[in-house]
Undergrad: 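Please find one structure pasted underneath; my questions will follow.
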Amino acid sequence: MISRIKGTNDIIEDSKIWKWLEEKLKNVALNFGFVETRTPIFEATELFNRSVGNETDIVQKEMYTFEDKGGRSITLRPEGTAPVMRAFIENNLSSKGLPQKLFYCGPMFRYERPQAGRLRQFHQFGVELIGSALPIADAMTILLAIEMLKAIGLDKFKLKINSTGDEKCRPNYVETLKAYYKPFLNDLCDDCKVRYDRNVLRLLDCKKDAKYAENAPKITGYLCDDCKAHFDKLKKYLDEMEIEYEVDPSIVRGLDYYTRTVFEFKYPNLGAQDAIGGGGRYDNLIEELGGSKVPSIGFAFGIERLILALETEKRLPEIEGLDIYVISIDEDQKIEALKIASALSKYFKVDVDVMGRNVKGQFSHASKENTRYTVVIGEEEIKMGLFTLKNMKTGEQWKVKLSEIIKIVSGSGEADTSDA
RNA sequence: GUGGUUGUAGCUCAAUUGGUAGAGUGUCGGACUGUGGAUCCGAAUGUUGUGGGUUCAAGCCCCACCAGCCACCCCA
């Protein structure tokens, strides 16, 4: 037997839940004026090296990179923002006016050790608000994310925000942090020794060396005036919208392109993989990718993690069953049943027997499929020109015409004939 | 990538010191030859994750690999 690749999933029965979830998220985004984008699943490796950052874990060890037959280096996208920004530049979207409000939904790939809530192919729903440097754009983005969580019935999330500064103030902070950590350098874990040179900010969220991070200088104390004003204003906006949040200086994010605002949504009882979504501002990314300077902000949710959260909350939607199952008594009525089902399928979700089950078996199957009504066709019905319609919940049944079936099942009429 | 743990029917799990693999549930059928969800009866389904090894004999012991889970790392 050939089995699926480690860290991937077949979504079969759950596809109904996925569809429900994606529709909900999509509708919120559409109602806020966002437009769906679909960019390729693979991109030039260079795109991620330059945007996500050469020193990040994603680029260093998690990318699915290969050479195609033309000798080009290709990478399966590990995240959604860089491809969308590439498309923004390539399609000259800024000429259509700013802001551009885009969303995307699809698979991402990272080569990591799988565990619950962490897969090698996983799915993200992401939103990008492109073109504004104002804190009101941050507020709108975060509001949108919260509206989405509420729309699917998740309300126990924790919003954590932080500011990582910009090119003016971050270098100072990095120096300050290095100076602080220097005396402990030999005591730090091996990972942190490497991080010290590569990306000192990462030291802050190391669990092993948390004791040093506690007393480390906080970036919020080292922001330049502009960054501080931006952050203060965002907090004020969130307060005014009565959005609860926690300022968490350890939120650094693992992608290099973030500037100023970063945020994460955590959800309780999900184990170690409890971040259901996250995002931030990226004011220099488009410029770094060869476009003009277009400040932007965005975020992404992990679909699998949202579903895990819904499971822990027991908030998964009830999957609707069939409206009508058309039952044939004998072989003779099989084709008639199919014709009737076909006519009814214009209005309802319908099914007929293709397994040659007897009457009892067909009822039983209809029941198992959560069917609302059954229509029975036998010799008797064909002779009378009427069908037997049965309400599977109440057990009531009537002899009715086809037009009557449509009325009753669609809920716009009661049966006007009785006895069966 | 590191450490730990688990893998038996579609699903949940049994199987004594190593001695020919079982139950519940689900599926299908019958009791009920035109009526489901209740009850009773019956049937089918396994290379015990894969491949080696030890042994008269391996689901059980040993090795390797694969996969899941937990934690690290990191993030969605």
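So you know, we letter chains A, B, ... as the sequences are listed, proteins then strands, and number each from 1.
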Undergrad: Using a 4.0 Å heavy-atom cut-off across all strands, classify A:Gly7 as base, sugar-phosphate, or nothing.
TA: sugar-phosphate
Undergrad: At under 4.0 Å between heavy atoms, what does A:Ala116 touch on the DNA or RNA strands: base, sugar-phosphate, or nothing?
TA: sugar-phosphate
Undergrad: Within less than 4.0 Å of OP1 or OP2 of B:C32, is there a side-chain N or O belonging to A:Lys360?
TA: no
Undergrad: Assess whether one donor atom and one acceptor atom, taken from the side chain of A:Glu381 and the base of B:G34, lie less than 3.5 Å apart.
TA: yes
Undergrad: Find the distance A:Lys266:NZ to B:C74:P and express it as a whole number of Å.
TA: 12 Å
Undergrad: RNA chain B: A:Arg4 or A:Gly271, which has the more 5' nearest nucleotide?
TA: A:Arg4
Undergrad: Of the listed nucleotides (B:C74, B:C72, B:G37), which one gets closest to any side-chain atom of A:Ser367?
TA: B:G37
Undergrad: Applying a 3.5 Å limit to both distances, which nucleotide forms a Watson-Crick or G-U wobble pair with B:U45?
TA: none
Undergrad: Output the rounded distance in Å from CD1 (A:Ile12) to P (B:G10).
TA: 15 Å
Undergrad: Decide, applying a 5.5 Å centre-distance limit and a 30° plane-angle limit (both strict), whether A:Phe301 stacks on B:A76.
TA: no
Undergrad: Over all strands shown, is A:Gln60 touching base, sugar-phosphate only, or nothing at heavy-atom distances under 4.0 angstrom?
TA: nothing
Undergrad: What I want to check is whether the side chains of A:Thr388 and A:Glu381 have a donor and an acceptor closer together than 3.5 Å.
TA: yes
Undergrad: State whether a side-chain donor-acceptor pair under 3.5 Å links A:Asp239 with A:Tyr245.
TA: yes
Undergrad: For B:C66 and B:G52, measure between their C1' atoms and round to the nearest Å.
TA: 14 Å
Undergrad: Say we look at B:G46 and B:A14: how far apart would their C1' atoms be, to the nearest angstrom?
TA: 15 Å
Undergrad: Using atom P in both nucleotides, what's the gap between B:G34 and B:C11 to the nearest angstrom?
TA: 36 Å
Undergrad: Can you confirm whether A:Lys218 is buried at NZ, in the sense that more than 12 heavy atoms of other residues, nucleotides or ligands lie under 6.0 Å from that atom?
TA: yes
Undergrad: 5'-most contact on RNA chain B: A:Gly117 or A:Lys393, nearest heavy atom basis?
TA: A:Lys393
Undergrad: What's A:Glu304 touching, base or sugar-phosphate or nothing? Going by heavy atoms closer than 4.0 Å.
TA: nothing
Undergrad: CE of A:Met392 versus P of B:A38: gap in Å, rounded?
TA: 13 Å
Undergrad: Can you figure out which of B:G68, B:U35, B:A76 approaches the side chain of A:Arg305 most closely?
TA: B:A76
Undergrad: Any chance you could measure A:Lys401, atom NZ, to A:Leu386, atom CG, to the nearest 0.5 Å?
TA: 8.0 Å
Undergrad: Answer with base, sugar-phosphate or nothing: what part of the nucleic acid does A:Lys390 contact at a heavy-atom distance below 4.0 Å?
TA: base
Undergrad: State whether the side chain of A:Asn91 and the backbone N or O of A:Leu93 hold a donor-acceptor pair below 3.5 Å, judged by distance alone.
TA: no
Undergrad: Among the candidates B:U27, B:A76, B:U35, find the nucleotide nearest to the side-chain atoms of A:Phe363.
TA: B:U35
Undergrad: Compute the ring centroids of A:Tyr64 and A:Tyr111, then answer whether they are less than 6.0 Å apart.
TA: yes
Undergrad: What does A:Leu119 touch in the nucleic acid at a heavy-atom separation under 4.0 angstrom: a base, only the sugar-phosphate, or nothing?
TA: base
Undergrad: Take atom C1' in B:G19 and the same atom in B:G37, then report the distance between them in whole Å.
TA: 45 Å
Undergrad: Stepwise, does the side chain to side chain donor-acceptor pair (under 3.5 Å) test hold for A:Thr65 with A:Thr75?
TA: CA-CA 4 Å; A:Thr65 296; A:Thr75 294; 2.8 Å; yes
Undergrad: Check whether any side-chain nitrogen or oxygen of A:Asn9 sits under 4.0 Å from OP1 or OP2 of B:G68, and answer yes or no.
TA: no
Undergrad: How long is the line joining CG of A:Asn199 and P of B:C74, in whole Å?
TA: 10 Å
Undergrad: Determine which nucleotide pairs with B:G3, using a 3.5 Å limit on both distances of a Watson-Crick or G-U wobble pair.
TA: B:C70
Undergrad: For A:Asn358 and B:U33, give me the distance from atom CG to atom C1', rounded to whole Å.
TA: 9 Å
Undergrad: Do A:Glu112 and B:A76 have a side chain to base donor-acceptor pair shorter than 3.5 Å?
TA: yes
Undergrad: Output the rounded distance in Å from CG (A:Asp274) to P (B:C72).
TA: 10 Å
Undergrad: Describe the nucleic acid contact of A:Gly361 in one word from base, sugar-phosphate, nothing, applying a heavy-atom distance below 4.0 Å.
TA: nothing
Undergrad: For B:A64, give its Watson-Crick or G-U wobble partner with both distances under 3.5 Å, or none.
TA: B:U50
Undergrad: Counting only Watson-Crick pairs (N1-N3 plus N6-O4 or O6-N4) and G-U wobbles (N1-O2, O6-N3), all under 3.5 Å, who is the partner of B:G18?
TA: none
Undergrad: Could you check which nucleotide pairs with B:U8 in any of the strands shown, counting Watson-Crick or G-U wobble with both distances under 3.5 Å?
TA: none
Undergrad: Identify whether any heavy atom of A:Arg357 sits under 4.0 Å from a base atom; if not, whether one sits that close to sugar-phosphate; answer base, sugar-phosphate or nothing.
TA: sugar-phosphate
Undergrad: Are the side chains of A:Glu264 and A:Phe299 in touch, meaning some heavy atoms are under 4.5 Å apart?
TA: no
Undergrad: Assess the residue pair A:Phe265 and A:Phe157 against the criterion (ring-ring contact (aromatic ring centres under 6.0 Å, His included)); give the C-alpha distance rounded to whole Å, side-chain angles, the decisive distance to 0.1 Å, and a yes or no.
TA: CA-CA 6 Å; A:Phe265 290 95; A:Phe157 56 83; 5.8 Å; yes
Undergrad: Donor-acceptor pair under 3.5 Å: do we get one between A:Gln273's side chain and the base of B:C74?
TA: yes
Undergrad: Give A:Ile276 one of three labels, base, sugar-phosphate or nothing, depending on what nucleic acid heavy atoms sit under 4.0 Å from its own.
TA: sugar-phosphate
Undergrad: State the pairing partner of B:C32; accept Watson-Crick or G-U wobble contacts with both distances under 3.5 Å, and report none otherwise.
TA: none
Undergrad: Please classify the nucleic acid contact of A:Glu379 as base, sugar-phosphate, or nothing, using heavy-atom distances under 4.0 Å.
TA: base
Undergrad: With rounding to whole Å, what would you report as the distance between B:A21 and B:A58 at their P atoms?
TA: 11 Å
Undergrad: Using the P atom as the point on both nucleotides, what is the distance between B:G30 and B:U48, in whole Å?
TA: 33 Å
Undergrad: What's the gap between B:U47 and B:G59 when it is taken at their C1' atoms, as a whole Å value?
TA: 13 Å
Undergrad: What is the distance, rounded to the nearest whole Å, between atom CD of A:Gln115 and atom P of B:U2?
TA: 15 Å
Undergrad: Select base, sugar-phosphate, or nothing to describe what A:Glu264 touches, counting heavy atoms under 4.0 Å on all strands.
TA: nothing
Undergrad: Ignoring the backbone of A:Gln124, work out which of B:C74, B:G34, B:A76 is nearest its side chain.
TA: B:A76
Undergrad: Looking at B:A76, B:G34, B:G1, which one has an atom nearest to any side-chain atom of A:Tyr111?
TA: B:G1
Undergrad: Tell me the interatomic distance from A:Arg202, atom CZ, to B:C74, atom C1', rounded to whole angstroms.
TA: 7 Å
Undergrad: Assess whether one donor atom and one acceptor atom, taken from the side chain of A:Gln362 and the base of B:U35, lie less than 3.5 Å apart.
TA: no
Undergrad: Which whole number of Å gives the distance between the P atom of B:C60 and that of B:G18?
TA: 11 Å
Undergrad: Would you indicate which nucleotide in B:U35, B:C70, B:G1 comes nearest to any side-chain atom of A:Arg118?
TA: B:G1
Undergrad: State whether A:Tyr196 and A:Lys178 meet the cation-pi test: NZ (Lys) or CZ (Arg) under 6.0 Å from the six-membered ring centroid, and within 45° of the perpendicular axis.
TA: yes
Undergrad: Choosing from B:C73, B:G30, B:A71, which nucleotide comes nearest the side chain of A:Arg113?
TA: B:A71
